[in-house]
Amino acid sequence: MSPKTLYDKIWDAHVVHEDADGTCLLYIDRHLVHEVTSPQAFEGLRMTGRKVRAPEKTIAVPDHNVPTTAGREDPKNMTEDSAIQVAALDKNAKEFGIHYYPVSDVRQGIVHIVGPEQGWTLPGMTVVCGDSHTATHGAFGALAHGIGTSEVEHVLATQTLIQKKSKNMKVEITGKLKPGVTAKDITLAVIGETGTAGGTGYVIEYCGEAIRDLSMEGRMTVCNMAIEGGARAGLIAPDETTFEYVKGRPHAPKGAQWEAAMDWWKTLFTDEDAHFDKVVTLKGEEIEPVVTWGTSPEDVLPISAVVPAPEDFTGGKIEAARRSIDYMGLEPGQKLTDIEIDTVFIGSCTNGRIEDLRAAAEILKGKKIKDGMRAMVVPGSGLVRAQAEEEGIADVFKEAGFEWRLAGCSMCLAMNPDQLAEHERCASTSNRNFEGRQGFKGRTHLVSPAMAAAAALTGKLTDVREMM
Amino acid sequence: MEKFEKLTGIAAPMPLVNIDTDMIIPKRFLKSIKRTGFGVSLFDEMRYNRDGSEIADFVLNQPQYREAEILVAGDNFGCGSSREHAPWAIKDFGIRCIISTSFADIFYNNSFKNGILPIVLPQEQVDVLMKDAEKGSNARMTIDLENQVVTSSDGEEFPFEVDSFKKHCLLNGLDDIGLTMEKASSIDTFEAQASQARPWV
């Protein structure tokens, strides 16, 4: 048999049917659902008299537009349109009999944090969700990607997707990371290298010593942003770190099934000599803490750099860079560490897990944020929040001057009231710095949790290594 | 789904690269639970001032492009979120075809599900079509899906590639779910085998 990549192996295990032209029907093991991209899909089922084919494999949680302030169980404390979407999810979950974590449940949170936390996400699975950051689940060696609402309806009705196979891309991070450099810096540095379209048409497998050394939280951060590099999905082969994380989770296999699962999971790696269509290699020790300066996740530079000039680029990027620099209110040549910020957001499916909160708290311990700074922590789930409270991390944030919020997507996409005002500038641990992403005319600099904490203290983009 | 066979219409030029889904339809419009009515909000933050008045120099506000049915766009169009509200807004505005050097994967798939044809061409050909689009409403392009050819207003022809299954669905306005339902017995068989092989799933 010819050698296979990890992606090839998972793909092959899920093909229901293949047409002569290579169009495949792919079986979906887990379907995650949230309130914003699903109402039209459920409505479609109703209009055609169709059922959810596998409700036991379908998990719903409201996250995108729920408020992160107390009292949100009462719809009166939501905006009217948010309340309608959340009520629609409540109704659809009940009517179609799918698993559901309402806002009143401590397990509620961002769908991509809840899935792994509850053991829904397991190695070798296919996982989809009507959200582009579904790539997160690739950290477990699961083939996971975002889909549109028509495809949500397709999966609900048939538990399959019509797909063509992507190409294989390898991203290797060799060596060790230096202190102060995190999974977020890796994933941003990769996008800085490949560009936001560099992964288009590919599924990325991340590998190398620096990836192996990461915790599951860190691996989720890396895979989460595979989509920002244009890839359909990001994958990391499961290993002892993965199995350790999965074991004992509520929906993970137990007993004899655990043993059987482990037998298969241990075969989920790329065979020696398997073919990759594209290979990118970065040296872990050369990666610095990075920040974004523009309005595309590819606008990445080490914190020691300066704002570029449009003329530094070629082709269509010249005009895009000019537009970004203007939108961001920056000057070419300005030192990144001279950029003053007024808002800090720590949270999101990229960096809303316990390890992210610990990393930020480590920097904040015993200190106060700069006067006038608005700083917010939004834990990725109710369970992350509870754990942080138990570990004393919540107190560190509160004493430093951060708001300690309830779980949700919050200011990552600003569909709820957590938004930037015009020209406010935010150091954010989220995943997109697009124009208007965090609020109309708001300005976003993407950073790691430790870098966000450092910026909250100084009021400027700051090299966290100076605080360690 | 509405069929797409052949279209002759006005093409609007949008040379900016990395036009993302937040630009196409900002999130405050995602709170609808319907699939229609998004066209008026297409490109909202580029198209309107805060008071709702139009930004005159935005391409789709210019008189010659208000009826555009084709977009010629910069690289990596539709990057970002999986929101199908983006193609819903494009379609609702009246645009049925987008030409670029590349599209983000999810947006590309979402377009086909909504009767929109995204066409990928090499940079130099997109450059020619961008110039053609800049001529305004007298320059009409023709998109022929059956024969897989874009014809510029000057009569220059640009053949393009499209996945045969996606083409078939678009030409015939087919609903994928119905097609997949016809394979229900294959799904049953797969499920039975998979539950033996991987009972923990």
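Naming convention: chains lettered A, B, ... in sequence-line order (proteins, then strands); numbering from 1 in each chain. These figures come from a predicted structure and were not determined experimentally.
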- Under a 4.5 Å heavy-atom cutoff, which of A/Glu56, A/Lys164, A/His64, A/Glu319 has the most pairs with chain B? A/Lys164

- Checking heavy atoms, do the side chain of B/Phe107, its backbone, both or neither come under 4.5 Å from chain A? neither

- Item | Distance-only side-chain donor-acceptor flag, B/Glu84 / B/Asn114, under 3.5 Å | yes

- Message: Under a 4.5 Å cutoff for heavy-atom pairs, which residue among A/Thr37, A/Asp21, A/Thr48, A/Val152 has the most contacts with chain B?
- Response: A/Asp21

- Under the 3.5 angstrom rule, does the side chain of A/Ser324 hit a backbone N or O of A/Ala320 as a donor-acceptor pair? yes

- Query: Taking atom types as modelled, is there a side-chain donor on B/Lys6 or B/Asn147 under 3.5 Å from an acceptor on the other?
  - Reply: no

- Taking 4.0 angstrom as the limit, do A/Glu43 and B/Arg35 come out as a salt bridge? no

- Message: I need the B/Ile24 CD1 to B/Trp88 CH2 distance, nearest 0.5 Å.
- Response: 14.0 Å

- Query: In terms of heavy-atom proximity below 4.5 Å to chain B, should A/Thr149 be classed as side chain, backbone, both, or neither?
  - Reply: both

- Interface moiety of A/Glu153 toward chain B, non-hydrogen atoms closer than 4.5 Å: both

- Most contact-rich option vs chain B, by heavy-atom pairs under 4.5 angstrom, among A/Thr200, A/Asn431, A/Thr158, A/Ile227, is A/Thr158

- By a 4.5 Å heavy-atom criterion (distance strictly below it), what part of A/Thr23 contacts chain B: side chain, backbone, both, or neither? side chain

- Contact leader toward chain A among B/Asp20, B/Thr189, B/Thr21, where contacts are heavy-atom pairs under 4.5 Å: B/Asp20

- Message: At a 4.5 Å cut-off on heavy atoms, which part of A/Met125 comes close to chain B: side chain, backbone, both, or neither?
- Response: side chain

- Answer with side chain, backbone, both or neither: which region of A/Thr160 has an atom nearer than 4.5 Å to a non-hydrogen atom of chain B? side chain

- Go through the side-chain N and O atoms of A/His14 and A/Asp12 and say whether any donor and acceptor fall under 3.5 Å apart. no

- Contact part of B/Ile106 toward chain A, heavy-atom cut-off under 4.5 Å: side chain, backbone, both or neither? side chain

- Given a strict heavy-atom distance threshold of 4.5 Å, which part of B/Asp188 is in contact with chain A: side chain, backbone, both, or neither? both

- Query: Any Lys/Arg nitrogen of A/Lys317 or A/Glu298 sitting under 4.0 Å from an Asp/Glu carboxylate oxygen of the other?
  - Reply: yes

- Message: Does any part of the side chain of B/Phe190, heavy atoms only, come nearer than 4.5 Å to the side chain of A/Val15, both counted from C-beta?
- Response: no

